[in-house]
Amino acid sequence: MQKRRIFRICVVFATFLLASIPTTVPAVPPDASTLREQARSYEHGEGVARDLRRAVELYCQAAFAGDAEAQFNLGWIYANGRGMVRDDALAAYFFDLAAKQDHQHAKRMLRYVGDPVAAKPACMEEPKPVADAASEPSPLTFERIPKPTTAAQRKVVEMLERLAPEYGVHPRLAYAVIRAESNFDPSAVSNKNAQGLMQLIPETSIRFNVTKPFDPEQNMRGGLSYLRWLLAYFKGKVPLVAAAYNSGEGTVNRFKGIPPYAETQGYVKRIIEIFKHEDHPYDNKVTAPSPELPRIRVGNLM
């Protein structure tokens, strides 16, 4: 009897202790080594789809945090042109960082790649502080969308003015894209199978979880998601964002600026003519900037 009473007391006490343990644990940001391992997975396609662009973004975050192995891996990617244009000066920059932490392989590689770039790559810069909203004017004080001239346009514009602010995209920029892409036709299909109002190709639809590309709202949300991502990736440079929306961010990186394609050059001009600005605010938490940004030229329209 005495043993049973003691056992019941222990059970009650244990239940009380379990009930006092928090059911949620605060999220801990990944450390540099975790970021590096995530990057390695994307680089080699281990457990995830191979995505070298995402690998470079994660390596950059780990390198910024001081991880010598991530710095070496970035140097190796640039030195060998793995998935991007070979850049010995940028490779030397990252090898030099790792070598200063006594990374032996990085020290050896420095003999072959020459001098490092003088300027820091964009992903290694300290993030700029966000301006105090109380003392600074709103960054989204651009011109309003032109007054719709048809019922179809009016419906699209009403939806756009409702949704665009959710994504930190000014409605006029998205309006310029829709006008250039589909001229407000939600059933439009291009010869490259770009679909709907914002002409999403199937890969972009998958990337931004658009399952019904001909549904106007779902298509618009996918296009706005892509614009938000591009604005962060190219640090608010609208000509680069427009060029990438038309031809892909990889093409802009490869040409280190607006590609010399007549279609893309004309597309960028149309977007700027409608939007009337070459800079747009962006959220740097959406994605790391393009690793090629330090070498990209913005004003190279032909």
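Just so we're clear, the structure is a prediction, and the values are computed from it rather than from any experiment. Every heavy atom of this structure was used, including side-chain atoms; hydrogens, water molecules and symmetry mates were not.
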Does His105 NE2 have over 12 foreign heavy atoms under 6.0 Å away? no
In short, ring-ring contact (aromatic ring centres under 6.0 Å, His included) pairs touching residues 174-201 with sequence neighbours left out are Tyr175-Phe184
Ring pair (Phe, Tyr, Trp, His ring centres under 6.0 Å) partners of [X], counting only residues at least two apart:
X	answer
Tyr226	Phe208, Tyr245
Trp76	none
Phe94	none

Which residues pass the salt bridge (Lys or Arg N to Asp or Glu O under 4.0 Å) test with [X], sequence neighbours left out?
X	answer
Asp279	Lys237
Asp283	Lys285
Arg144	Glu161
Arg40	Glu37

side-chain contact (heavy atoms from CB on, under 4.5 Å) with Thr149: which residues, sequence neighbours excluded? Gln153
Under the side-chain contact (heavy atoms from CB on, under 4.5 Å) test, which residues partner Ala91, sequence neighbours left out? Tyr78, Ala79, Phe95, Val113
Qualifying salt bridge (charged side-chain N to carboxylate O under 4.0 Å, His left out) pairs, either residue in residues 179-195, two or more places apart: none
Which pairs with one or both residues in residues 201-220 pass salt bridge (charged side-chain N to carboxylate O under 4.0 Å, His left out), sequence neighbours excluded? Arg162-Glu217, Arg207-Glu249, Glu217-Arg221
Do we see a donor-acceptor contact under 3.5 Å between the side chains of [X] and [Y]?
X	Y	value
Glu263	Asn246	yes
Asn253	Tyr233	yes
Asn73	Gln71	no
Glu43	Tyr59	yes

Cluster check Leu227, Val157: I/L/V/M/F/W/Y, side chain < 4.5 angstrom: yes
Supply the atom-to-atom distance Gln195 CD to Ser187 OG, rounded to the nearest 0.5 angstrom. 11.0 Å
